[in-house]
Structure formats: C-alpha cells, structure tokens
Amino acid sequence: MKKALIVVDVQNDFCEGGALAVPGADAVIPYINELIEQNEYDQIIFTQDWHPANHKSFASTNGKKVGDTINLNGVPQFMWPDHCVQGTFGAEFHKDLKIPEGAHIVQKGKNPEFDSYSGFQDNNHFVKTDLDDFLKYHDIQLVEIAGLAMDYCVKFTCLDAVQNGYITCLHFNGTKAVNVKPENGRDAVYQMVENGVTVLG
Ligand code: VGL
Ligand code: ZN
C-alpha cells in the first residue's frame with residue numbers, strides 16, 4: 001500500500017513569535033523531521049497557507065476585531081490576525097523543517113474571497129487544490145497527517161482525506177491546536193475520530 005505524509009502549514013506565522021502563533025507549535029518540528037527522515041513514505045507533501053495581503057479572513061481587511069466572526073460568501077469566517085501573507089517571512093516554512101528535495105507543495109488560501117483550511121479545497125467547497133489529483137496519480141491509499149493547527153487546517157485536511165477515500169491517520173504528537181476556546185483541540189480529536197480518522201500516538 002502506498003503511503004503519503006502530509007505536513008500542514010508549518011510556517012513561521014504559526015510558530016513561536018509568529019502572527020498567529022499556535023501554543024507549543026515548535027515542538028512538532030523535531031517530531032515531523034523524524035517522520036521525514038525515517039523515509040517510509042512514497043510521497044511527502046507540504047501545505048502552505050498563502051494569502052494575498054487583503055485576504056478576507058483577516059480582521060484588518062474587514063475593519064473587524066480579531067476573534068469576531070463574519071459571513072463570508074455564505075459561510076461563517078473567524079477573523080484572524082494578518083498571517084501568511086505571500087512573500088513575507090511569516091509565510092515561509094520554519095527554517096528547521098527538513099523539506100526533502102522534490103517534495104510536493106500545495107499552496108492554499110490564495111483567493112481573497114475564500115478561506116481554505118483544508119489542503120484539499122476551500123471552505124466554500126468551490127475549488128479543489130491539486131492535492132487529491134496528486135495523491136491519486138501516485139496511487140496513494142493511506143495518508144498520515146501532522147502539522148498546524150490541529151483544530152483548523154489539520155482537522156479539515158484529515159476530514160477531507162477521509163471523504164476522498166484515503167485511510168487517514170493523524171499524528172497526535174506531531175500537531176498542536178490553536179485553542180481559541182480551550183476545548184477546541186479535544187473536540188477536534190473527537191470529530192476526527194467520529195469521522196474515521198485513526199489517531200496515532
Ligand atoms: C490556519 C487559521 C487561519 C491553520 C490557517 O493553518 O490552521 N488557521 N489560517
Ligand atoms: Zn490562513
């Protein structure tokens with residue numbers, strides 16, 4: 001069975017000192033590097049949150065406060081601080097992340113009108129990235145997922161992986177939650193398990 005590792009959004013803005021720092025984020029990097037170095041995967045994919053400066057998920061774009069929620073083209077949109085703006089340091093992968101030569105990179109969140117938590121598609125389910133086609137092209141049947149943040153982009157990438165027919169495993173020790181509310185990480189784990197995601201220690 002062919003396996004892929006999907007590393008979600010290990011970018012400076014989600015790490016220590018970043019604009020949208022996920023508590024404990026830096027601890028996932030050595031864990032993920034070990035997975036990469038064990039080299040048991042047929043493909044390794046890195047997703048990258050990649051927003052234009054005027055992205056509508058930013059509170060500043062809408063004259064809102066961080067933590068507010070707006071209706072964005074029919075779906076609720078949490079208001080984030082400006083983060084992962086294309087071409088900025090914050091959008092770069094963390095320097096300690098050992099990205100292998102030839103790894104496949106999936107950029108998402110590029111359309112200012114739509115957010116994209118999942119590596120597979122935008123939150124409105126309008127446009128797919130090339131991730132599913134890439135995995136199918138390479139005959140991948142099982143995906144292991146790690147990265148940031150467990151209650152947003154990792155969760156939605158896991159749920160879409162199940163929906164797209166992959167055996168889907170979450171590396172619990174390779175992910176951290178934003179925990180806007182303290183229970184968000186725990187609830188995300190339950191939601192993933194209920195939907196067929198296997199949690200690896
Ligand atoms: C993410 C919030 C906004 C994530 C991305 O990578 O989990 N969270 N954009
Ligand atoms: Zn984002």
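Everything numeric in this text was worked out from a predicted model, so none of it was measured. Just follow the structure's listing: the first ligand is 1, and inside any ligand the first atom is 1.
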Checking side chain to side chain donor-acceptor pair (under 3.5 Å) between Gln121 and each of Thr129, Asp160, Asn164, which is the one that passes? Asp160
Determine which of the N, O or S atoms in His51 is closest to the Zn ion (ligand 2) and give its atom name.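 Answer by atom name: NE2.
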What N/O/S atom of His83 gets nearest to the Zn ion (ligand 2)?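 Considering only N, O and S atoms, His83 comes nearest to the Zn ion (ligand 2) through NE2.
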Backbone or side-chain N/O/S of [X] under 2.8 Å of the Zn ion (ligand 2):
| X | value |
| --- | --- |
| His55 | no |
| Asp49 | yes |
| Cys153 | no |

Option passing ring-ring contact (aromatic ring centres under 6.0 Å, His included) with His83 (candidates Trp50, Phe58, Tyr152): Phe58
Just to confirm my output: which protein heavy-atom neighbour is closest to atom 8 (N) of ligand 1, and how far is it? Tyr152 CB, 3.8 Å
Please write down residue, atom name and distance for the protein heavy atom closest to atom 1 (C) of ligand 1. Cys153 SG, 3.3 Å
How long is the straight-line distance from CG of Asp133 back to NZ of Lys128, given to the nearest 0.5 Å?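 Spacing of NZ (Lys128) from CG (Asp133) equals 5.5 Å.
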Regarding His51 and Asp82, do their side chains bring together a donor and an acceptor under 3.5 Å, going by distance alone?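 Looking only at side-chain atoms, Asp82 and His51 do not form any donor-acceptor pair under 3.5 Å.
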State whether a side-chain donor-acceptor pair under 3.5 Å links Glu144 with His171. yes
Structural part of Val178 in contact with ligand 1, heavy atom criterion under 4.0 angstrom: neither
Is the contact between Phe14 and ligand 1 made by the side chain, the backbone, both, or neither, using heavy atoms and a 4.0 Å cut-off? side chain
Just wondering, do Asn71 and Val75 contact through their side chains at under 4.5 Å, heavy atoms?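 Side-chain contact under 4.5 Å: no.
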Centroid-centroid under 6.0 Å between Phe14 and His94 rings: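 Aromatic pair excluded; centres sit 6.0 Å or further apart.
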Nearest non-hydrogen contact to atom 5 (C) of ligand 1 from the set Val180, Asp151, Asp49 belongs to Asp49
With the 4.5 Å side-chain cut-off for hydrophobic clustering, are Ile44 and Tyr31 part of the same group? yes
What are the atoms of ligand 1, with element, lying closer than 4.0 Å to any heavy atom of Asp9? 4 (C), 6 (O)
Considering the heavy atoms of His83, write down every atom of ligand 1 situated less than 4.0 Å from one of them.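 So the atoms of ligand 1 that pass are 3 (C), 9 (N).
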What class does the angle between the rings of Tyr117 and Trp80 fall in, given that below 30° is parallel, 30 to 60° is tilted and above 60° is perpendicular? perpendicular
Taking Asp9 first and then Lys108, would you say they form a salt bridge - that is, a charged N and a carboxylate O separated by under 4.0 Å? yes
Using distance alone, decide if ligand 1 has a nitrogen or oxygen within less than 3.5 Å of any nitrogen or oxygen in Leu20.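 Looking only at distances, the answer is no, because the N/O contact criterion of under 3.5 Å is not met.
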Polar contacts were defined as any N/O atom of the residue lying under 3.5 Å from an N/O atom of the ligand; does this apply to Tyr117 and ligand 1? no
Can you tell me if Gln11 contacts ligand 1 (heavy atom of the residue under 4.0 Å from the ligand)? no
